Colleague: 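One structure follows; several queries about it will come next.
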Amino acid sequence: MKFTKMTGLGNDFIVLENLENKELEYDVLARKLCDRHFGIGGDGLLIVEPSGIADIKMRIINSDGSEAEMCGNGARCFAKYVYENGIVSKGKMSVETLSGIVMPELIFENDNVDKVRVHMGNPIFRPDLIPVKTDKNQFIEETIKIDGRAYTVTSLLIGVPHTVIFVDSIDENMIVNVGPLIEKLHIFPRGTNVDFVKVEDKNNITVRTWERGAGLTLACGTGACASAVASALTDRTKRDVYVHFKRGDLYIEWTSDNNIYLTGKAEKVFTGDIDIV
């Protein structure tokens, strides 16, 4: 099978085409192909499938074999891939995902795809939809305890569940120790992504995400959106912010009519063939 390795600010994916809807064990493939020592290496698979309700369908399989509803970095890489490979010829396309239809818009420079702007939908704060087990109407600036230590968090749904923690500094040791414990905390029945956010000023935040099913990632598109919304919601920033990751930035707009837009680069790393038998 042919594959393409793509990255959105270091959040890397293996893109596979399955336009014939062949029976493939995506969970097995993901664990094999995403292995960084014995496979291609990646945070997950992006599967190109036909859609009956949109221009194309994107399936997102995490490196542990679980399936994600949505992925912002993945959506940008996916849109660039299907356009450049002649699968979808539109500069603004509709993409079916498990969380609904998203609308990536390609931004060109010298006739090449430079960036992709994605309409990410609306943030959802209802605990039963995120989901988070609580008797509160929203889970904003609430306290949870991990190993006897209290953390103030905000949880919301941006296609996938996210829990945001504001920190004074980005400490990767803390992230890899605390992130997986919060991800699987009993109050999150479907797990949660965990975003560690340092507010730089009213227009800029720095984020690292412990991604549900993938672990510590270099960037996370839905995490950028969740972090930006939580920052604005708690009056730490404006509604439009630059989100800084280790390998680049995303621009997040949370409009007055409650829509979220994500803009950033997507890049092809390499292509090849792999035996999936």
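The shown structure was predicted, so the numbers you read here are calculated from the model rather than taken from an experiment.
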Colleague: Please determine if D12 and K5 form a salt bridge, counting it only when a charged side-chain N lies under 4.0 Å from a carboxylate O.
Modeller: yes
Colleague: Suppose we screen for side-chain contact (heavy atoms from CB on, under 4.5 Å). Which residues come up paired with P131, at least two apart in sequence or across chains?
Modeller: P189, R190
Colleague: With a 6.0 Å cut-off on the ring centroids, do F78 and Y83 count as close?
Modeller: no
Colleague: For F188, give me all partners under side-chain contact (heavy atoms from CB on, under 4.5 Å), at least two apart in sequence or on another chain.
Modeller: V132, S155, T163, I182, L185, T192
Colleague: On a heavy-atom basis, which atom in T237 and which in A228 lie closest, and how many Å separate them?
Modeller: OG1-O, 4.3 Å
Colleague: List the residues meeting ring-ring contact (aromatic ring centres under 6.0 Å, His included) with H119, not counting sequence neighbours, and say none if there are none.
Modeller: Y261
Colleague: Give the C-alpha distance, both sets of side-chain angles, the deciding distance and a yes or no for salt bridge (Lys or Arg N to Asp or Glu O under 4.0 Å) between R149 and D147.
Modeller: CA-CA 6 Å; R149 181 175 174 181; D147 287 343; over 6 Å; no
Colleague: Is there a side chain to side chain donor-acceptor pair (under 3.5 Å) between Y151 and E142? Walk through the geometry before answering.
Modeller: CA-CA 8 Å; Y151 296 89; E142 297 292 340; over 6 Å; no
Colleague: Not counting sequence neighbours, which residues clear side chain to side chain donor-acceptor pair (under 3.5 Å) with D273? List them please.
Modeller: K2
Colleague: List in chain and number order the residues that pass salt bridge (charged side-chain N to carboxylate O under 4.0 Å, His left out) with K198, two or more places apart in sequence or in another chain; answer none if no residue qualifies.
Modeller: E200
Colleague: How far apart are the closest heavy atoms of G191 and P161, and which atoms are they?
Modeller: O-CG, 3.4 Å
Colleague: For I40 and F270, work out which heavy atoms get closest and say how close.
Modeller: CG2-CZ, 4.0 Å
Colleague: What verdict does the salt bridge (Lys or Arg N to Asp or Glu O under 4.0 Å) test give for R36 and D43, after you've listed the backbone C-alpha separation in whole Å, the side-chain angles of each residue and the deciding distance to 0.1 Å?
Modeller: CA-CA 9 Å; R36 297 190 183 278; D43 290 323; 3.1 Å; yes
Colleague: Can you list everything that forms a side-chain contact (heavy atoms from CB on, under 4.5 Å) with A230? Sequence neighbours excluded, please.
Modeller: T154, V164, F166
